[in-house]
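As the structure is a prediction and not an experimental result, all values here were calculated from the model. Scope of the values below: all heavy atoms of this structure, side chains included, with no hydrogens, waters or symmetry mates.
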Amino acid sequence: MAQQKVEKLPKSAPKLFALKLFKLVFSREETKMGSVEGKANELCKLDPNLLAAVKEHTERMFPADDTLKWAEIKKAIDEKCTMV
């Protein structure tokens, strides 16, 4: 079931793919209460193993893509967390 959801993710751009994968991997509650680094007092650090899995899978899907910039994707994940 989860594999089918991953296979249906958009493969047009690394950032969009990573954000959609992030939504599949992390629950709404984890997203609401966390951030990539857990910087603020009230935010927990998101599971680094799950984030590494999101990064690895994104890199595997876009192996030679110059637009894959993990720093930008991490920033977008943090922004997504603040919007929940």
Between G34 and C81, the two heavy atoms sitting closest are O-CB, 3.2 Å
Pairs involving residues 15-28, ordered by first then second residue, that meet side chain to side chain donor-acceptor pair (under 3.5 Å) (sequence neighbours left out):
S27-E30
Considering all heavy atoms, the nearest S35-L43 contact:
CB-CD1, 3.9 Å
Tell me, please, which residues at least two apart from A53 pass side chain to side chain contact (heavy atoms under 4.5 Å, CB included).
none
Are there over 12 heavy-atom neighbours, none belonging to M33, within less than 6.0 Å of that residue's CE?
no
Exactly one of L21, I77, L51 clears side chain to side chain contact (heavy atoms under 4.5 Å, CB included) with F26, and that residue is L51
Scan for side chain to side chain donor-acceptor pair (under 3.5 Å) pairs involving residues 72-84, sequence neighbours excluded, and state none if there are none.
none
What are the two closest non-hydrogen atoms of A18 and T58, and how far apart are they?
CB-OG1, 3.5 Å
Contacts of E56 that satisfy salt bridge (Lys or Arg N to Asp or Glu O under 4.0 Å) - sequence neighbours left out
none
Apply ring-ring contact (aromatic ring centres under 6.0 Å, His included) to F17 and list each qualifying residue two or more places apart in sequence or on a separate chain.
H57, F62
Treating Ile, Leu, Val, Met, Phe, Trp and Tyr as nodes and any side-chain heavy-atom pair under 4.5 angstrom as an edge, say whether L50 and L9 lie in one connected cluster.
yes
The reported gap from CG in L68 to NZ in K55 (rounded to nearest 0.5 angstrom) is 9.0 Å
Show your reasoning for whether side-chain contact (heavy atoms from CB on, under 4.5 Å) applies to V25 and D47.
CA-CA 10 Å; V25 172; D47 185 325; over 6 Å; no
Heavy-atom check, side chain of F22 versus side chain of I73, under 4.5 Å:
no
ring-ring contact (aromatic ring centres under 6.0 Å, His included) pairs touching residues 63-84, sequence neighbours excluded, are none
